[in-house]
Every structure is written in structure tokens, then in C-alpha cells.
Amino acid sequence: MLLQQHVYKIIQQVPKGKVTTYGDIGKKTGTKAYRAIGQVLHHNPSWPEIPCHRVVMKDGSLAPNYGMGGPSVQKKRLKDESVTFIGNKVDIVKHKVDL
DNA sequence: GCTTTGACTCTCG
DNA sequence: TCGAGAGCCAAAG
């Protein structure tokens with residue numbers, strides 16, 4: 001399966017109110033090209049299909065160059081899904097989904 | 001068609 | 001503990 005499709009599938013498996021990391025996706029897909037995952041998400045089709053706001057860095061930080069108005073929107077969306085924040089980072093310890 | 005760069009992570013010094 | 005280098009995939013120039 002293409003890495004792209006695999007990544008999409010993993011993200012779709014993330015339940016509401018939970019988040020995942022690039023590293024986890026990479027491990028799940030069995031690839032070490034974490035950058036490719038970000039690249040794929042950058043060119044993602046649309047929101048409902050690919051909730052890239054549920055994908056954060058390993059330490060819980062949001063993407064610095066996040067589109068659609070920057071990380072603020074992503075943060076807002078996550079908050080709307082009952083995701084707690086620690087300063088400007090996601091509470092990855094509590095919300096990191098264990099696939 | 002090849003080269004460069006990018007929403008990353010891990011390992012070594 | 002912090003900084004630098006390597007590895008991998010995909011899209012754009």
C-alpha cells in the first residue's frame with residue numbers, strides 16, 4: 001500500500017478527542033520517512049477526510065507552518081474536540097492514541 | 001527526468 | 001542536556 005494511503009488510514013483511525021504523532025504513524029506504516037508524512041498532510045485533500053489537526057509532533061507541538069491560518073486554527077479545532085493543551089502544545093501524554 | 005526541499009524523528013558526539 | 005548529522009518518501013521546480 002502506498003505510504004500516502006496508509007497515512008490517511010491511520011489518521012482516520014484516530015478517534016475524536018485524541019491525537020497522534022508523526023513518529024507513531026511512521027512506526028505504524030513501517031517507514032522511517034516521517035517527513036513524507038508531513039508532506040502528504042501538507043497536500044491533504046480536505047478536512048473531513050484527513051483531520052491533520054490530530055497529527056502533532058512527538059512532543060505535542062503543532063506544525064509551525066500549519067496552513068489554514070496557522071497553528072491557532074489547529075489548536076482551536078483540537079480544543080473543540082476536548083483536547084487539553086499545555087501552554088502551546090497538546091497534552092500528548094494524555095491524548096496520544098495507542099493504535 | 002533529475003534535483004531540491006519539506007508539516008519529522010532518531011542517534012551520536 | 002544540547003547540537004549536529006543521517007535516513008526515508010513525496011511533491012514541486
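Note on naming: letters A, B, ... go to the chains in the order of the sequence lines (proteins, then strands), and numbering restarts at 1 for each one.
- Only Tyr22(A), Gly23(A), Tyr34(A), Arg35(A), Ala36(A), listed by number, bring a heavy atom of residues 21-36 of chain A to less than 4.0 angstrom from any atom of DNA chain B.
- Under a cut-off of 6.0 angstrom, the local environment of NZ in Lys75(A) is crowded, with over 12 non-hydrogen atoms contributed by other residues, nucleotides or ligands.
- Going from the C1' atom of dA7(B) to that of dG3(C) covers 22 Å, rounded to whole Å.
- Residues passing the side-chain hydrogen bond (donor to acceptor under 3.5 Å, both in side chains) test with His95(A) are Thr84(A), sequence neighbours excluded.
- Distance Met57(A) CE to dC10(B) P: 12 Å, rounded to the nearest Å.
- In this structure, Lys18(A) does not pair ionically with Glu81(A), as no charged nitrogen and carboxylate oxygen lie closer than 4.0 Å.
- Atom CE of Met1(A) is separated from atom P of dC9(C) by 16 Å (rounded to the nearest Å).
- Gln5(A) has its CD atom 11 Å from the P atom of dA10(C), to the nearest Å.
- Geometric assessment of Lys58(A) against the ring of Tyr22(A) yields a negative cation-pi assignment under the 6.0 Å and 45° thresholds.
- Using a 4.5 Å heavy-atom threshold, the side chains of Pro51(A) and Ile11(A) count as touching.
- Listed in residue order, the members of residues 87-99 of chain A having a heavy atom less than 4.0 Å from DNA chain B come to none.
- Atoms NZ (Lys58(A)) and C1' (dC8(B)) sit 12 Å apart, rounded to a whole Å.
- Taking atom CG of Leu41(A) as the reference point, atom C1' of dC9(C) lies 13 Å away to the nearest angstrom.
- At the phosphate of dA12(C), OP1 or OP2 sits under 4.0 Å from a side-chain N or O atom of His43(A).
- Computed from coordinates, the His42(A) NE2 to dT4(B) P distance equals 21 Å when rounded to whole Å.
- Applying the 4.0 Å criterion to OP1 and OP2 of dA12(C), one finds that Gln39(A) has every side-chain N and O outside that range.
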